[in-house]
Amino acid sequence: MRTSHVLIPTLREDPGEAETVSHKLMLRAGLIRKVAAGIYTYLPLGLRVIRKVEQIIREEMNRAGAQELLMPIASPAELWQETGRWSFYGKELLRFKDRHEREFCLGPTHEEVITDLFRREVRSYRQMPLNFYQIQTKFRDEIRPRFGLMRGREFIMKDAYSFDQDEAGARLSYQKMYDAYHRIFTRCGLTFRAVEADTGLIGGSSSHEFMVLADTGENTIVYSDGGTYAANIEQAEVFPPTEVDAEPPRPLRTVQTPGCRTVEEVTKFLNTSSAHLVKTLLYSTGGNTVAVLVRGDHEANEVKIQRLLRINGLELATPTVVAQVTGAPVGFAGPIGLKDVRIIADHAIKAMRNVVVGANQIDTHYVDANWDRDFHVEQFADLRSACAGDPSPKRDGILRMAKGIEVGHVFMLGTKYSETMKATFLDLHGKECLAVMGCYGIGVGRTAASAIEQNHDPKGIIWPFPIAPFHVHLLPLTQSTQTAKVTAQLYDDLQTAGLEVLWDDRDERAGVKFNDADLMGAPFQVAIGDKSLAEGVVEIKTRKDGKKVKLPPAQVVGHLTEARPS
RNA sequence: CGGGGCGUAGCGCAGCCCGGUAGCGCGCCUGCUUUGGGAGCAGGAUGUCGGAGGUUCAAAUCCUCUCGCCCCGACCA
């Protein structure tokens, strides 16, 4: 393709709206343009990358036995009401009414629609197992879209849904997808890791997320140094402590702690450590307030809390609510004398003796409090996030932390949807059975963005070969007829050899072309100019390592077909 | 939704505090020169200063309301 025939509006400077590397580079290299918050146009170059990722996904899904179909973007409220997600999904579900006042939503995911298809069309075990997938634009009215394609409101997703006769079959389908995902992300040139994950709004029994390892990732993952365990920090199980503090209980006392509201202030003032303090966090959940106790140096894990309480929607209580419940300003809440509030605690609390807690009174704390003597805990559970250094749940060493970008997620759904939507089939014995389901998503744009996060340098993008918008960037540097002739010949020959070529035929200076080429990130650049042609050669640069080779034009095709990763 | 910030030329920004009728760099157009890592000189075009009200002789600047966008949190492919 010739540069003069395609819109590639590169930018010299970083756009003000972008923060992360991939977002900046996608804008600068002319891949995308924003239309509204979280909504983008894919420009020709960006679309080529998207299509490549889609094609890799398509090939691997087909190879794994899934069949492609395409569901509508708009779906009727009734289907969502059937599973209860019309109300459960919340504001993220963009709803609207048609001219007949019938309610619809833009599909954020398609369990309802596909399950409806299954129950209408599939009767017999003979037709199973089935795995349907689509590559389609989704809409989720995200609270805060950000980082360009990394978290859009409108985004392209591959979603697949499997239907099996039983658990064993479903596990096999799940494993096939798990393996396919490994191949997909490997082919996309990504460094990634599959981790155990929470199932969130989709629901189901278990799931894995595929995390691209990158410091800019929004997720924290933990993994064991023994090598077999990896999980999202939301999910990672924390063992109850094995040893209880042996200190004999001392009498409960109150102390004045003027102006000390944070863990840090209180422990510093009392000259103790945060491991001897119990944080009392008040959460609001649909009108109720819950007190959650965690050790001062631990992080409460809101996903675990929600799972224990079987709710979706948890917020730290506002200062007003805190004042109502505790009778004191924020910073002095404690479990002693707290009324009309459920109190749940992390396992770690059980092992603590003679702790510091808030006294529900301004500028006052209790010291030497003991849970079995001074306050009541309704339930102990795993409510905190794992930390680096915690033992691995698989008992293969200790945990370490890393940041990741979630590019794919596979779920074992079980019969959650087939049950509520009565998706059944007749088995071998003529008995009516519920289909056992799985669902499997990949963020296409996010995968492309992740590739940039992992593959760039100060000059621009360094595309992994399989998803590069072009393989070779031809850069004629001088205006001579000789240069033009060699360039045109190379353009034809390279394409004939099956390489995708971008020919920078603009009337620009060499520096501009080099810089734009580095920015756009094609794996190979071929510079053609009078200087090197005088020696009978052109110059091939590998974008990744910057290495340059001089070769006669006739040998370029051979060299590049050779250098091309398979 | 809570907290912070920003809307001025296609892009990046200054001007706003202290009101006097809009500027810089890049890009764009024309000409000449230049031509292997973001050229030089000369000339030129481009703004309802996000929008609506208000205060004032006078508003980009002060006040009120509104819309959009970005960043931090809850959400997630």
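For clarity, every value in this text was computed on a predicted model and none was experimentally measured. Values reported hereafter were calculated over all heavy atoms of this structure, with side chains retained and with hydrogens, waters and symmetry mates removed. Chain letters run A, B, ... following the sequence lines, proteins first, then strands; residues in each count from 1.
Residue-to-nucleotide contacts include no donor-acceptor pair under 3.5 Å from the side chain of A/R140 to the base of B/C76. Not a single donor-acceptor contact under 3.5 angstrom links the side-chain atoms of A/R146 to the base of B/C69. Put simply, the side chain of A/E13 and the base of B/G25 share a donor and an acceptor less than 3.5 Å apart.
With respect to the salt-bridge test (charged N to carboxylate O, under 4.0 angstrom), the residues A/E111 and A/K416 do not qualify. Salt bridge A/D141/A/K91: absent, no basic N to carboxylate O contact under 4.0 Å. Note on A/D179 versus A/R63: no salt bridge recorded, every NZ/NE/NH1/NH2 to OD/OE distance being 4.0 Å or above.
Searching all strands for a Watson-Crick or G-U wobble partner of B/C24 with both distances below 3.5 Å returns B/G12. Under the Watson-Crick or G-U wobble criterion, with both distances below 3.5 Å, B/G7 is paired with B/C67. With both pairing distances under 3.5 Å, B/G2 is matched to B/C72 as a Watson-Crick or G-U wobble pair. Across all strands shown, B/A39 forms a Watson-Crick or G-U wobble pair, both distances under 3.5 Å, with B/U33. Pair assignment for B/U48: none, as no Watson-Crick or G-U wobble contacts are both less than 3.5 Å. Checking B/C62 for Watson-Crick or G-U wobble geometry (two distances, each under 3.5 Å) identifies B/G54 as its partner.
At the heavy-atom level, A/S532 lies under 4.0 Å from base atoms of the strands shown. Within 4.0 Å (heavy atoms only), A/G529 reaches at least one base atom of the nucleic acid. Contacts of A/G152 with the nucleic acid, taken as non-hydrogen atoms under 4.0 Å apart, include base atoms.
The nearest whole Å value for the distance from the CZ atom in A/F185 to the P atom in B/A77 is 12 Å. Nucleotide B/U34 holds its C1' atom 12 Å from the CD atom of A/Q479, rounded to whole Å. Across the protein-nucleic acid pair, A/D14 atom CG and B/C71 atom P stand 14 Å apart, rounded to whole Å. Look at CZ on A/R85: it is 16 Å from P on B/C75, rounded to the nearest Å. For the pair A/I143 CD1 and B/C75 P, the interatomic distance rounds to 8 Å; values are reported in whole Å. If you measure from atom CD of A/E218 to atom C1' of B/C75, you get 10 Å, rounded to the nearest angstrom. Regarding A/Y89, its OH atom lies at a distance of 9 Å from the C1' atom of B/C75, rounded to whole Å. Between A/R33 atom CZ and B/C69 atom C1' the separation is 16 Å, expressed in whole Å.
In the set B/A77, B/C72, B/G37, B/G37 carries the atom at the smallest distance from any side-chain atom of A/D518. Side-chain proximity of A/F147 to the nucleotides B/C76, B/C72, B/A77 is greatest for B/C72. Closest to the A/R509 side chain, of the nucleotides B/A39, B/G37, B/C69, is B/A39. Set against B/G27, B/C72, B/A74, the side chain of A/R12 has B/G27 as its closest nucleotide. In this structure, the nucleotide among B/G37, B/C71, B/A39 sitting nearest to the side chain of A/V512 is B/A39. In the set B/A74, B/C69, B/C75, B/C69 carries the atom at the smallest distance from any side-chain atom of A/K34. For A/E508, the listed nucleotide lying nearest its side chain is B/C28; candidates were B/C72, B/C28, B/C69. The side chain of A/R151 lies closest to B/C76 when the candidates are B/C71, B/U35, B/C76. In the set B/C70, B/C72, B/G36, the nucleotide with an atom closest to the side chain of A/L477 is B/G36. For A/R446, counting side-chain heavy atoms from C-beta on, the closest listed nucleotide (B/A77, B/C69, B/C71) is B/A77.
If you find the closest nucleotide of RNA chain B to A/H23 and to A/E142, the one lying nearer the 5' end belongs to A/H23. Comparing A/N515 and A/I156 by the nucleotide of RNA chain B whose heavy atom lies nearest to each, the residue mapping closer to the 5' end is A/N515.
In this structure, the side chain of A/S162 engages the main chain of A/G438 through a donor-acceptor pair within 3.5 Å.
Comparing the C1' positions of B/U33 and B/C70 gives a spacing of 44 Å, expressed to the nearest Å. With both ends at atom P, the span from B/C75 to B/C18 equals 44 Å, rounded to whole Å. Comparing B/C26 with B/C72, their C1' atoms are spaced 32 Å from each other, to the whole Å. A distance of about 32 Å separates the C1' atoms of B/G53 and B/G12, rounded to the whole Å. A gap of 28 Å separates the C1' atoms of B/U61 and B/G27, to the nearest Å. Comparing the same atom, C1', in B/G31 and in B/U66 gives a spacing of 48 Å after rounding to whole Å. Distance check on atom P: B/A60 versus B/U55 gives 16 Å, rounded to whole Å. To the nearest whole angstrom, the two C1' atoms, one in B/C11 and one in B/G4, are 25 Å apart.
The distance between the ring centers of A/F210 and A/Y178 falls below 6.0 angstrom.
No aromatic stack links A/F514 and the base of B/G36, using centre distance under 5.5 Å and interplanar angle under 30°.
Neither OP1 nor OP2 of B/A74 sits under 4.0 Å from any side-chain N or O of A/R144. Under 4.0 angstrom from either OP1 or OP2 of B/C75 there lies at least one side-chain N or O belonging to A/Q306.
Here the CD1-CG distance, from A/I461 to A/D518, works out to 11.0 Å after rounding to the nearest 0.5 Å. Between the CD atom in A/E60 and the CZ atom in A/R183 there is a gap of 5.0 Å [rounded to 0.5 Å].
For the side chain to side chain contact (heavy atoms under 4.5 Å, CB included) with A/L474, the qualifying choice from A/V486, A/V556, A/I528 is A/I528, the only one to do so. A/I73 pairs with exactly one of A/H110, A/Q136, A/K138 by the side chain to side chain contact (heavy atoms under 4.5 Å, CB included) rule, that one being A/Q136.
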